[in-house]
Amino acid sequence: MTSEPQPSPHGIDPVSSPIEKLEQLILTRQATVGVVGLGYVGLPFAVEKTKVGFNVIGIEQNPQRAARVNQADSYIDDVDSDILKQAITHNKLKAVTSFDNVVDMDVIVICVPTPLTKNLTPDLSYVESVAHQIGTHLRPGQLISLESTTYPGTTDDVIRPILENISGLKQGQDFFLAHSPERVDPGNQRYTTQNTNKIVGASDPSSLKAAELFYQQTIQYVVPVSSAKAAELVKVFENTFRAVNIALVNELALLCDRLDLNVWEVLDAANTKPFGIMPFYPGPGVGGHCIPIDPHYLEWKAKEVNFNTRFIALAGEINRRMPSFVRSKAFRVLNQLGIAPSKAKILVLGITYKKDLADWRESPAIEIIKFLSKDQVTLEYHDPYVAEISVDGQTFKSISLAPQTIANADLVLIATDHSCIDYEQVVNHAKVVLDTRGITRNLDCDRTKVTLL
Ligand code: SAJ
């Protein structure tokens with residue numbers, strides 16, 4: 001990665017080809033960068049590019065989000081408002097809601113969601129809609145990079161035809177197209193957009209070269225692969241690897257429950273092996289925008305070539321089963337206290353999909369709350385990151401974690417293990433605790449009060 005923009009030898013050579021012009025604009029940081037989708041991937045990426053001198057235009061369909069970006073009011077945990085303010089006040093970043101500026105952009109990076117439909121099939125509607133919008137403004141010399149996680153073949157077989165058919169331009173000679181999967185671990189303080197190795201793949205050499213050069217301006221180690229398809233598969237494999245290993249330890253938790261063994265003791269001991277193992281831990285289920293979703297993109301593509309990815313299907317089934325397992329464990333604890341669920345008060349501690357961030361969408365804790373609400377349990381929650389949630393039309397506000405509110409609950413259910421909570425205090429004041437994250441397993445406390453997943 002170069003720390004300084006490269007001086008353009010003699011300005012932009014009027015006779016150079018589209019690829020040479022684009023490379024010069026990238027090297028001199030004179031390229032205008034468009035980022036479509038200012039979410040947990042797009043906004044950190046946009047800010048990173050401004051830090052090395054690029055002018056960035058964010059295209060954000062949500063007008064409230066676009067306004068907040070322009071007011072330097074960050075809504076993404078990993079983007080500090082002060083850093084955002086620098087980009088805005090130096091006129092290096094602005095957010096718009098339309099695609100009219102696309103013609104002024106030299107590089108356009110697509111960071112929009114790729115969710116699943118209700119029956120677990122890929123929903124490319126956001127990506128296709130963006131491709132149509134870009135296609136209507138596409139001009140020679142532009143590089144388009146798809147970062148959204150998707151099945152192998154999307155860039156070449158879905159995006160490319162849309163861009164070529166609408167614009168009449170050809171990939172590789174007029175415009176350039178690549179896939180560079182996002183690798184963002186929300187809340188990770190060590191690995192950021194800037195120091196996380198980045199895969200780049202394209203199906204023609206000019207596109208690959210332009211994309212590699214672009215990402216090398218801000219990322220220490222860019223890894224080229226032979227095609228967009230290979231880059232797409234790298235990413236969905238990474239998340240499938242996690243989903244399958246999380247499912248393995250979740251299944252172990254289910255088995256340990258039958259064998260009356262402590263799954264946390266077994267895993268902690270297994271992870272003392274100095275080689276050939278990697279720590280994964282059971283939990284109340286798998287949340288976030290990636291792990292529960294991305295593997296099913298690969299499963300769907302595999303079926304297209306008559307191949308059954310059984311690991312993915314099984315992993316999804318086991319991980320989706322965990323919230324109801326937590327419900328059955330909670331009922332077992334209440335039963336031992338002689339309390340019927342419909343007479344019980346449960347305090348859910350932590351509702352985000354994983355610790356130390358504010359994102360509670362797709363969180364397993366919400367699934368658990370849905371189950372317990374149907375069982376007419378009286379529910380309260382505390383989460384320092386989330387002041388209010390609505391679940392199936394019911395609104396809950398985070399209550400204070402005072403000793404009295406802890407003691408008032410028949411059961412405290414730890415669903416997310418935020419680092420800022422004093423779990424010793426929680427156990428001391430609680431009647432009983434169901435710990436689905438193993439966060440209390442090494443605490444010096446009254447263990448008779450604690451049930452681990
Ligand atoms: N979880 C477990 N047990 C584990 C690990 C995770 O139950 O051992 C749960 C978490 O609590 C969470 C879910 O699985 O609910 C997903 O956690 P995650 O950290 O794997 O997923 P994300 O979506 O926050 O971030 C991941 C990235 N995380 C890591 O690499 C550690 C990575 O897989 C992707 O770069 C990113 O998704 C993405 O955007 O694809």
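We count ligands from 1, going down the list as the structure has it; atoms in each ligand are counted the same way.
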Would one find an N or O of Arg183, backbone or side chain, under 3.5 Å from an N or O of ligand 1? no
Looking at ligand 1, is there an atom of it that comes within less than 4.0 Å of some heavy atom belonging to Thr149? no
So the atoms of ligand 1 within less than 4.0 Å of a heavy atom of Phe280 turn out to be 8 (O)
State whether Asp257 and Arg332 are salt-bridged, where the test is any N-O pair (Lys NZ or Arg NE/NH1/NH2 against Asp/Glu carboxylate O) under 4.0 Å. yes
How does Tyr191 reach ligand 1, by side chain, by backbone, by both or by neither, if only non-hydrogen atoms under 4.0 Å count? neither
Give the contacting part of Glu182 toward ligand 1: side chain, backbone, both or neither, where contact means a heavy-atom distance below 4.0 Å. side chain
Pick from Arg242, Glu238, Lys355: the one approaching atom 18 (P) of ligand 1 most closely through a non-hydrogen atom: Arg242
Just need the protein heavy atom nearest to atom 19 (O) of ligand 1, so name the residue and atom and give the distance. Lys354 NZ, 2.9 Å
With sequence neighbours left out, the residues meeting salt bridge (Lys or Arg N to Asp or Glu O under 4.0 Å) with Asp446 are none
Looking only at distance, does Tyr281 have an N or O less than 3.5 Å from an N or O of ligand 1? yes
Between Asn239, Asp185, Thr436, flag the one that comes closest to atom 32 (C) of ligand 1 by a heavy atom. Asn239
Check whether any side-chain heavy atom of Thr149 lies under 4.5 Å from a side-chain heavy atom of Glu182, and answer yes or no. yes
Using the side-chain hydrogen bond (donor to acceptor under 3.5 Å, both in side chains) definition, which of the options Asp204, Thr155, Asp156 pairs with Gln171? Asp204
Nearest-contact summary for atom 38 (C) of ligand 1 - protein heavy atom, Å: Cys290 SG, 3.0 Å
Using a strict cut-off of less than 4.0 Å between a Lys/Arg side-chain nitrogen and an Asp/Glu carboxylate oxygen, indicate whether Asp294 and Arg242 qualify as a salt bridge. no
Nearest non-hydrogen atom to atom 13 (C) of ligand 1 belongs to which of Pro364, Gly288, Gly287? Gly287
Of the choices Asn188, Ile246, Val41, Leu357, which has the non-hydrogen atom that lies closest to atom 14 (O) of ligand 1? Ile246
Classify the contact between Val184 and ligand 1 as side chain, backbone, both or neither, using a heavy-atom distance cut-off of under 4.0 Å. backbone
So, do Phe396 and Leu379 sit near enough that their side-chain heavy atoms are less than 4.5 Å apart? yes
At under 4.0 Å between heavy atoms, which part of Arg437 makes contact with ligand 1: side chain, backbone, both or neither? side chain
Min side-chain heavy-atom separation Cys111-Val36 under 4.5 Å: no
Number the atoms of ligand 1 from 1 as they appear, then name those within less than 4.0 Å of a heavy atom of Ile291, with their elements. 16 (C), 20 (O), 21 (O), 33 (O)
Which bit of Lys235 is near ligand 1, meaning a heavy atom under 4.0 Å away: side chain, backbone, both or neither? side chain
Give the residue, atom name and distance (to 0.1 Å) of the protein heavy atom nearest atom 12 (C) of ligand 1. Tyr353 O, 3.3 Å
Lys/Arg-Asp/Glu bridge criterion (N-O < 4.0 Å) met for Asp268, Arg441: yes
List ligand 1 atoms under 4.0 Å from Pro186, heavy atoms only on the residue side. 24 (O), 25 (O)
Angle between ring planes, Phe241 versus Phe280, binned at 30° and 60°: parallel, tilted or perpendicular? perpendicular
Which word best sums up how the rings of Phe214 and Phe45 line up, parallel for under 30°, tilted for 30 to 60°, or perpendicular for over 60°? tilted
Output yes when a side-chain donor or acceptor of Glu212 lies under 3.5 Å from a complementary backbone atom of Val223, and no otherwise. no
Electrostatic pair Asp375:Arg327 at N-O distance under 4.0 angstrom: yes
At under 4.0 Å between heavy atoms, is it the side chain or the backbone of Asn245 that contacts ligand 1, or both, or neither? neither
